[in-house]
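Within every chain, numbering begins at 1; the chains are lettered A, B, ... in the order of the sequence lines, protein sequences first and strands thereafter.
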Amino acid sequence: MRDRVVVLARATFVEAMRDRMLLVVALFALGMVLFSRVLGWLSIEDELKMVQDFSLSGISCLALFLAMLVGAFSVAKEVERRTLYPLLSRDLTRGEFVVGKYLGLVFATWSCLAGAGIALLLWVAVWGGHPGEALLAALLGLLCESLLLVAVALFLGMLTAPAIAALGTCGFALAARSTEALRELASSGRADNAGFWSFAYQLLPNTEDVNFINATTTGLPIHWEQLLMGAAAMALWSTVFVGGAVVLFKRREF
Amino acid sequence: MECVLEVAGLRKSFRPGLLKPRIEAVRGVSFAVAPGECFGLLGQNGAGKTTTIKVATGLLRPDAGRATLLGRPCGDATARRALGFLPENPYFHEHLTPREGLQVYGRLNGLDAATIAARSPALLGRVGLADAADRRLKGFSKGMRQRFGLAASLLHEPELLILDEPLTGLDPGGRMLVKELIVEQRQLGRTVVLCSHVLADVEELCDRVVVLHRGQVVREGTITELLSSAPRSYELCAQDLPAALAARIAAQAVRCHRAGETLTARFAGDRLGPELAAEVHREGGRLLSLTPERESLEEWFVRLVRSEAPVEPSPPAAAPPALVEAGR
Amino acid sequence: MRRFLLPLLMGACGAGAIALRGPLAEANAGRRVPGTGFVPKAPLAQLFSAGHRSTLADLLWLGAIGDLSREFPDPQQKRAWLDAIFTTVPALEPSFISAYSFGATYLTMITDDAARAIALLERGVAANPDDLRLAVELAMIWYMQRHDREKALAVLEKVVRDPRCDSITMGFYASLLVDQRQDFAALAQWVTWLDHGNELVRENAELQLERAKRKIAIRAADEYRERVGRSPLTPDDLRLEGLIAPEAVDLVLETTWINVAGKLEFERCAELEVRHAVRAASRWVVQFRAENGRTPTFDELMNNRWVRLPPPPPGRRYDIVDDDVALVDEG
């Protein structure tokens with residue numbers, strides 16, 4: 001089973017990486033990294049801060065775009081083009097198909113993000129900065145977040161039309177970043193049913209757990225165990241959504 | 001003898017829209033495919049052929065009935081290890097090359113990379129894609145994709161090959177190649193299920209066929225069983241005919257044509273032709289040929305589906321008199 | 001001809017659109033007045049930043065920098081806009097030091113609103129307790145705008161204990177201590193640096209110590225004049241009770257003299273000031289040479305706006321010797 005999953009993951013990775021659309025999106029993110037220097041010039045004395053903040057936000061957007069592009073449209077494209085038939089008519093279960101696709105898409109996304117991240121580290125070094133552990137933590141956090149985003153996009157892609165799945169992924173990403181607001185709502189005393197909001201906070205994924213973008217400018221030390229725990233949480237949530245995608249895919253007929 | 005593919009009481013319906021009533025695509029289809037035979041699945045558009053094939057290949061789940069592949073349910077992934085499937089109008093991952101694609105599909109069927117690498121060149125050469133082995137599938141024509149699909153379905157030497165419209169869209173060379181491959185597979189003892197609209201090819205290649213109409217089996221049997229053996233017309237070709245005989249032949253023929261000394265005439269029915277051939281012999285003329293024409297599978301099929309009631313095949317006629325064929 | 005129709009049409013439309021830009025800009029000039037730009041409230045910005053709080057803070061700040069110098073049609077509108085900027089940006093990123101620092105400078109120097117500047121800096125200091133710059137700026141505003149030495153001292157007390165604190169800030173702190181008549185404390189903070197391993201640090205500490213002594217002595221002399229009705233004649237006159245803290249009086253008077261004209265003299269302090277200025281001037285000469293490829297002339301040295309050399313001691317003058325500024329004998 002592992003071999004089949006790996007074969008499909010590799011094929012999905014190659015297919016995704018050779019897709020020109022991915023290259024365009026990655027170049028766009030690279031452009032944002034380079035353009036961040038212009039914003040640095042506009043600021044008074046925070047050039048490197050602008051470079052880091054804007055570049056990391058650009059790479060974060062790249063992660064979301066990639067998840068929408070590859071995750072939401074992936075299965076629908078396979079169904080529409082019927083490239084699914086030669087696969088599913090073989091000794092390949094539906095669960096293996098979903099897991100293999102997911103892993104391939106994740107590795108394709110990570111490749112693009114890693115490329116953009118390396119470009120950022122070099123760019124910061126070129127402009128006299130010292131790419132420190134905060135920047136590395138921020139980039140690793142984005143990789144962890146993309147695990148979840150691709151899983152959600154794949155899940156929604158199984159559930160509904162690709163365009164709606166892409167929008168849903170975008171909405172999920174925004175909501176997952178804003179989950180902290182639920183906790184504040186529960187603890188602020190301004191909202192009724194504080195218990196409900198607290199419960200909702202516990203139940204929903206919180207990508208702020210792996211968001212270290214804002215930590216790059218505080219100068220505070222990075223607690224790596226926080227990132228590890230956040231990564232574990234993202235992996236667990238991803239498993240839930242991939243499992244959901246498997247359940248949906250098993251029920252689908254072609 | 002265990003059947004390679006067995007379908008019993010298969011039912012499958014679809015709902016075309018949220019509030020629309022279900023449409024039954026397959027209504028109680030049953031048939032069995034014996035090992036080593038070439039089995040044809042015939043039917044008009046919408047008869048339920050593709051739905052039946054999709055159930056057999058695990059792409060659909062039946063509402064009722066069962067379908068087994070080498071004794072195992074078709075939904076079982078391991079059962080499909082012995083299956084080679086070429087869908088209608090196939091598409092593959094466009095950014096892979098044929099060589100890479102064969103690696104993917106072969107590995108999914110349990111072959112190791114070395115075996116695939118050893119088999120791929122010969123297989124790609126056999127389907128005429130040796131020169132394009134390292135080109136991306138994206139730029140392939142329909143015929144080339146079809147050939148690659150065939151290669152992919154044969155790579156793991158499956159016991160059962162299901163081909164859905166494998167000849168559609170191919171040039172004459174491609175069609176010849178596919179037919180040769182099907183014959184080769186049969187000679188190797190493998191079973192082939194062929195679904196095609198080109199009934200001439202089905203008639204040429206298949207041992208048995210099943211005909212679906214509106215989701216049901218309306219006929220099943222060998223070609224010989226389904227078609228009447230009695231000729232429905234004769235074509236007579238003769239020379240050096242006496243004028244009176246020539247006139248009599250022309251008067252009774254449905255169609256008559258004279259080219260120099262040669263007279264060619266067509267007669268309806270299964271008796272007139274042999275009788276007039278015997279007269280040519282008696283009156284000293286030269287009989288060049290007497291050719292019987294039987295109803296083709298296509299003609300039989302069209303007649304079948306046009307009628308509301310099922311059509312019984314005509315009873316076989318008495319054997320025609322000895323014929324002399326000259327000039328062939 | 002037909003195949004040129006589409007490119008011609010596109011060219012004509014493009015030219016027309018470009019030609020319209022001038023009239024459009026004039027017509028919309030009223031709509032582009034700053035102050036109509038939307039700065040979201042802090043909670044809204046935090047919610048919709050989607051985790052990109054620092055980037056959103058950057059973008060809002062970059063937009064604000066350009067608009068700070070613009071005229072608003074209504075001063076109240078500008079005030080509200082400034083409030084929004086200086087509330088939302090720090091709320092999004094509490095560690096955005098520049099926003100507090102530059103914002104406070106702007107509020108103090110341009111809008112003359114020390115109260116808002118103090119409030120902004122206090123928020124910044126509370127959010128960034130490890131940042132010395134904001135604390136020093138807050139102390140400066142308390143002292144220079146509000147003349148509240150007590151509050152300034154309270155802010156600087158934590159700063160001077162930090163090993164990163166620079167000598168200028170410590171000097172400022174000492175000066176405030178002297179103003180508050182905490183003479184011994186003002187002198188004591190330099191004494192610990194007099195044993196430092198680095199000669200420059202030792203000299204600088206001694207200079208600051210002498211400056212503090214000078215300030216105390218001048219204050220004491222002024223108060224003596226007020227009380228007694230005449231200038232002090234000898235240093236011992238300054239031992240009058242209440243002029244200098246008892247524990248500091250000996251230390252102050254050991255380097256204080258009064259000349260025949262009754263003027264206070266601080267020879268050691270002057271000597272150290274000259275030495276300090278010469279070192280700063282030498283550094284300036286090196287930088288000048290690096291930027292201009294030549295040694296500066298004497299006039300350029302004496303008239304530059306970065307380093308001011310005090311009057312040389314009698315019988316001596318300044319000169320540039322081997323890219324160093326030195327005191328040489330006259331003649």
Side-chain angles (χ1 to χ4, degrees), chain A residues 32 36 38-61 63-64 134-135 138 141-142 145 149 170-185 188 190 205-221, chain C residues 40-70 85-86 88-107 109-110 123-134 137 162 164:
Chain A
M32 281 183 79
S36 62
V38 174
L39 289 182
W41 283 325
L42 291 175
S43 71
I44 295 171
E45 56 183 22
D46 297 297
E47 292 94 350
L48 272 172
K49 178 184 183 303
M50 300 288 167
V51 167
Q52 284 182 181
D53 284 344
F54 199 66
S55 299
L56 285 170
S57 291
I59 296 174
S60 177
C61 291
L64 179 57
L135 199 52
L142 287 174
E145 188 183 352
L149 291 179
C170 187
F172 173 85
L174 289 173
R177 282 276 178 95
S178 308
T179 318
E180 285 295 321
L182 287 175
R183 188 162 63 95
E184 283 168 19
L185 198 63
S188 67
R190 282 177 295 164
N206 184 6
T207 51
E208 279 294 302
D209 291 336
V210 290
N211 180 11
F212 285 80
I213 294 177
N214 303 308
T216 56
T217 50
T218 59
L220 295 171
Chain C
K41 283 205 161 81
L44 203 65
Q46 281 173 317
L47 186 66
F48 287 104
S49 63
H52 297 266
R53 290 191 297 278
S54 55
T55 306
L56 184 58
D58 291 346
L59 290 172
L60 286 173
W61 182 243
L62 285 178
I65 288 173
D67 284 339
L68 280 172
S69 56
R70 285 201 197 145
I85 285 290
F86 294 130
T88 302
V89 171
L92 282 171
E93 191 176 358
S95 61
F96 200 160
I97 304 295
S98 298
Y100 299 111
S101 173
F102 186 70
T105 305
Y106 179 82
L107 287 169
M109 301 189 69
I110 308 298
R123 273 210 309 274
V125 169
N128 301 277
D130 289 340
D131 190 84
L132 301 185
R133 174 177 149 188
L134 292 180
E137 286 183 20
D162 193 304
R164 296 170 293 159

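Contacts of A:Asn211 classified as side chain to side chain contact (heavy atoms under 4.5 Å, CB included), with partners at least two apart in sequence or in another chain: A:Arg177, A:Glu208, A:Ile213, A:Asn214. Applying the side chain to side chain contact (heavy atoms under 4.5 Å, CB included) rule to A:Leu64 yields the partners A:Met68, A:Leu149, A:Thr169, A:Cys170, A:Ala173; only residues at least two apart in sequence or on another chain are considered.
Atom OG of A:Ser36 is separated from atom CG of C:Asp58 by 10.5 Å, given to the nearest 0.5 angstrom.
Options C:Ala50, C:Gly51, C:Pro43, C:Ser95 differ in how many heavy-atom pairs under 4.5 Å they form with chain A, and the most are formed by C:Gly51.
Sequence neighbours left out, the pairs with a member in residues 50-60 of chain A that pass salt bridge (charged side-chain N to carboxylate O under 4.0 Å, His left out) are A:Lys49-A:Asp53.
Contacts of residues 125-134 of chain C with chain A at a heavy-atom distance below 4.5 Å involve C:Arg133, listed in sequence order.
Residue C:Leu56: no heavy atom, backbone or side chain, is found under 4.5 Å from chain A.
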